[in-house]
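Report on the structure given below.
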Amino acid sequence: IQMTQSPSSLSASVGDRVTITCRTSQSISIYLNWYQQKPGKAPKVLIYAASTLQDGVPSRFSGTGSGTDFTLTISSLQPEDFATYYCQQTYFPRTFGGGTKVDIK
Amino acid sequence: EVQLVESGGDLVQPGGSLRLSCAASEFSFSSYWMSWVRQAPGKGLEWVASIKEDGSETYYVDSVKGRFTISRDNAKSSLYLQMNSLRVEDTAVYYCARDSYASETYYYDYWGQGTLVTVSS
């Protein structure tokens, strides 16, 4: 299953609403997860099953979608949110999207 | 707190072998699928392999099939990745990750700090 994540990078300001999309080459129902990774650190799960917020993750993060089209939204970007975000589908062989780097405008 | 600690990364020549280990603690290791995920320098994440709780099922990305073997020792709460016939393109940080199950799907809820494998002559 191919994953197409867009954009590959974006520049935004604190307080902005940010949307990242992930499209899969075939339907994966809701079996889509979102991760955040900061430089030199392991990834951290934000959203699983397309829309379920992982415990401890701020509510400004949300996920929607099913089938082949998915979205991660950050409602109001905070300084600690500047990072790279990855989508991942969970059918074998598992695949990740190419990543979206969110940096400061 | 759940901990995953990888070890075994090193500099190795093309065609060489290496065995990575991941020591797990503070959770019931034998109750979870486990996976290896890698990240080449400056690149994105790539799933490498996964293994079922009891080791009876394993899955691999095509690029490592026949060269890498994932295994586990539940008595030692340890996960392994035996890497043979290493190629330059296997150079990456290798992460061990725990597969958690919820809402009929799996996701990686805990990750190790990663161990660097460099394949170069």
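First the proteins, then the strands, lettered A, B, ... as listed; each starts at 1. Only heavy atoms go into these numbers, but all of them, side chains included; no hydrogens, no water, no symmetry mates. Bear in mind that the values here come from a model prediction, so they are computed numbers and not experimental data.
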Go through the steps for B/Gln39 and A/Gln37 under the test side chain to side chain contact (heavy atoms under 4.5 Å, CB included), then give the verdict. CA-CA 11 Å; B/Gln39 187 167 36; A/Gln37 186 180 33; 2.8 Å; yes
Taking everything shown except A/Lys38 itself, do over 12 heavy atoms lie less than 6.0 Å from its NZ? yes
Less than 4.5 Å to any heavy atom of chain A: does that hold for the side chain of B/Val48, its backbone, both, or neither? neither
Count I, L, V, M, F, W, Y as connected when their side-chain heavy atoms are under 4.5 Å apart, and connections chain through other members. Are A/Leu10 and A/Val14 then in the same cluster? yes
Heavy-atom closest pair (A/Ala49 atom, B/Ser103 atom, distance to 0.1 Å) is CB-CB, 3.7 Å
Tell me whether B/Gln3 at atom CD has more than 12 heavy atoms from other residues, nucleotides or ligands lying less than 6.0 Å away. no
A/Gln88 side chain near B/Trp47 side chain, heavy-atom distance below 4.5 Å: no
Test of understanding: clusters of I, L, V, M, F, W, Y form through side-chain heavy atoms closer than 4.5 Å, transitively. Do B/Tyr80 and B/Tyr94 belong to the same one? no
Does the gap between the ring centers of B/Trp33 and A/Phe92 come in under 6.0 Å? yes
Can you tell me how far the OG1 atom of A/Thr95 sits from the CG atom of B/Leu45, to the nearest 0.5 Å? 12.0 Å
Counting only heavy atoms not in A/Gln2 (residues, nucleotides, ligands), do more than 12 fall under 6.0 Å from its CD? no
Taking every heavy atom of B/Lys43 against every heavy atom of A/Tyr86, the minimum-distance pair comes out as O-OH, 3.8 Å
Most contacts with chain A, counted as non-hydrogen pairs under 4.5 angstrom, among B/Tyr60, B/Tyr110, B/Tyr108, B/Tyr106: B/Tyr108
So do the side chains of B/Trp111 and A/Pro43 get within less than 4.5 Å of each other, counting heavy atoms only? yes
Are A/Val57 and A/Val18 joined in one hydrophobic group, where the rule is that I, L, V, M, F, W and Y side chains link up if heavy atoms are under 4.5 Å apart? yes
Chain B heavy atoms under 4.5 Å from A/Tyr91: which part of the residue, side chain, backbone, both or neither? neither
Just wondering, more than 12 heavy atoms not from B/Glu89 lying within 6.0 Å of its CD? yes
More than 12 heavy atoms of other residues, nucleotides or ligands under 6.0 Å from CZ of B/Arg67: is that the case? yes
Cluster overlap B/Val2 with B/Tyr101, hydrophobic side-chain contacts below 4.5 Å: yes
Under a single-linkage definition using a 4.5 Å side-chain heavy-atom cutoff for Ile, Leu, Val, Met, Phe, Trp and Tyr, are A/Tyr35 and A/Ile74 assigned to the same hydrophobic cluster? no
Contact part of B/Ser100 toward chain A, heavy-atom cut-off under 4.5 Å: side chain, backbone, both or neither? neither
A/Tyr31 versus chain B, the contacting section by heavy-atom distance below 4.5 Å: both
Centre-to-centre under 6.0 Å for A/Trp34 and B/Tyr107, is that the case here? no
Taking the side chain as every heavy atom from C-beta outward, state whether B/Asp99 and A/Arg94 have any atom pair closer than 4.5 Å. yes
Which atom of A/Val45 lies closest to which atom of B/Asp109, heavy atoms considered: CG1-CA, 4.2 Å
